[in-house]
Protein chains: 2
Amino acid sequence: MKTRGGGKKEISSEAAPSVRADARRNADALLRAALAVFTESGVDAPMRTIAAKAGVGVGTLYRRFPQRSDLIKAIIRRDLDAQVQAASTLAAKHGPGDALALWMGRLVDFVATKRDLGPALHSGDPAYQALPDFVLGQLTPVLRRLLDAAATSGVIRDDVDADELLNAGLRLATPVNGGDAAQARRMVALLTDGLRRSLSVPAVKE
Amino acid sequence: MKTRGGGKKEISSEAAPSVRADARRNADALLRAALAVFTESGVDAPMRTIAAKAGVGVGTLYRRFPQRSDLIKAIIRRDLDAQVQAASTLAAKHGPGDALALWMGRLVDFVATKRDLGPALHSGDPAYQALPDFVLGQLTPVLRRLLDAAATSGVIRDDVDADELLNAGLRLATPVNGGDAAQARRMVALLTDGLRRSLSVPAVKE
DNA sequence: CGAATATCCGGAACAACATTCCGTTTGTCA
DNA sequence: TGACAAACGGAATGTTGTTCCGGATATTCG
């Protein structure tokens, strides 16, 4: 990272065309505060608290991040990018089947690590509406490629949709109350196992 | 159902030792109103709205159902019981493997049918804290029996925990925004497929 | 360097809810 | 019917989301 000033490291990496210095400074402070507050008190923490911790008025907070989800989006951007990148890396180092399985397993690290990210993704709460669109929009194409490759090579069944699998994976990757990531990992692995070309789905009618 | 009075059908089936008549009447009205409001506006609907629809003051609502989750618990009790009963029925009519698969599939009908039940179960919101405990408490033992039977008979792997599987199933059973129950069904089936005694988990390290 | 001005800031103000509390009303029982 | 416990209702209080605008301040330009 090559930033001009020497002080604390910034969170928002992007350069700015013509933003006032204080504005940028405040945006960074807000992101830092939000991360801290979210981690300690969950993503539903009061906006006032975040603004206060950043030493800023709520007006400033709302101007920069009109929706709570904008704050979350900014915070997870890095990790989301990493998850996207991982697809290429894994595809290069492993066979199609393993690459897919490993990428799915990695979802746990992406979701389970950030407190409340999982619940927020699936809450249906309008305040977080933009989150699923954002995350799924980034990850679906990537997963689709892995999935197609694996299906084409014949190691997994070919009747599974990328959207659906991603949704399922993200749900399972969300740790239970108590934060047991290991359990989440096992469940995602179980799901992935179901992908491997099997005999057939038990077609029994109730 | 054998209730004394003839009027509208009651929701709370239980008999009462010595509750004032108006109290019971109000409790029923509240449950009916809550069901209607939840269905139309989601489980986050204002308490005032429910009280109003029941023709009752908020005080009465809070006295009878101190927590929002108490209202939900009362509403889903019937369906939860049905899900519990289904275990015995299925176990009697099908082999261990199919009984398990079918019961898991039935979770979708239990969860996906009641608007917002799924999200509420996994939200982590303290207001719903009691819900997971209640639902899991009822269903876990039942699933454990099905799971043990299937594992013993050798049709599925034996290293899966009932708690974990139930959690996973409930998550997948929750329909995506748009209420596609069919998709939920497919994902649960996929998970169930992963249970069938397979070659082995892909033990590749990243 | 010293205005001029486009930006940005702060926090009071308003609105929507959850939840509590207590004076009043109403069943129930003798 | 009268007395009393049980239940009711809704005003009152506290919390949080969100908006709005007078005031502060970087930046730019002469």
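Note on naming: letters A, B, ... go to the chains in the order of the sequence lines (proteins, then strands), and numbering restarts at 1 for each one.
Close to D/dC8, at under 4.0 Å from its OP1 or OP2, lies a side-chain N or O of B/Asn26. Considering only side-chain N and O atoms, B/Thr60 lies nowhere under 4.0 angstrom from the phosphate OP1 or OP2 of D/dA7.
The shortest side-chain heavy-atom distance between A/Leu147 and A/Asp161 does not fall under the 4.5 Å cut-off. With a 4.5 Å cut-off on side-chain heavy atoms, B/Arg68 and B/Tyr128 count as touching. The side-chain heavy atoms of B/Val188 and B/Leu107, taken from C-beta on, include no pair separated by under 4.5 Å. Annotation: side chain of A/Trp103 is in contact with side chain of A/Leu139 (closest heavy-atom distance under 4.5 Å).
The separation between B/Leu61 atom CG and D/dC8 atom P is 11 Å, rounded to whole Å.
No donor-acceptor distance shorter than 3.5 angstrom exists from the side chain of B/Arg32 to the backbone of B/Ala54, with no hydrogens or angles considered.
Which of D/dC8, D/dG17, D/dT25 sits closest to the side chain of A/Arg20 comes down to D/dT25.
For the atom pair B/Gln83 CD and B/Leu143 CG, the distance stands at 9.5 Å (nearest 0.5 Å). Here the straight-line distance linking atom CG of A/Leu80 with atom CD1 of A/Ile76 works out to 5.5 Å at 0.5 Å rounding.
The residue B/Arg25 sits apart from the nucleic acid: no heavy atom pair falls under 4.0 Å.
Counting heavy-atom neighbours within 6.0 Å of B/Arg115 CZ, excluding the residue itself, gives a total above 12.
Taking every nucleotide of DNA chain C with any atom under 4.0 Å from a non-hydrogen atom of chain B, the first and last of them, 5' to 3', are C/dC17 to C/dT28.
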Please produce a list of atom pairs where a protein N or O lies less than 3.5 Å from an N or O of nucleotides 18-22 of chain D.
{"from": "D/dT18", "atom 1": "OP2", "to": "A/Tyr62", "atom 2": "OH", "distance (Å)": "3.2"}
{"from": "D/dT18", "atom 1": "O4", "to": "A/Arg48", "atom 2": "NH1", "distance (Å)": "3.4"}

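Mapping B/Ala23 and A/Ala21 onto DNA chain D by nearest heavy atom places B/Ala23 closer to the 5' end of the strand.
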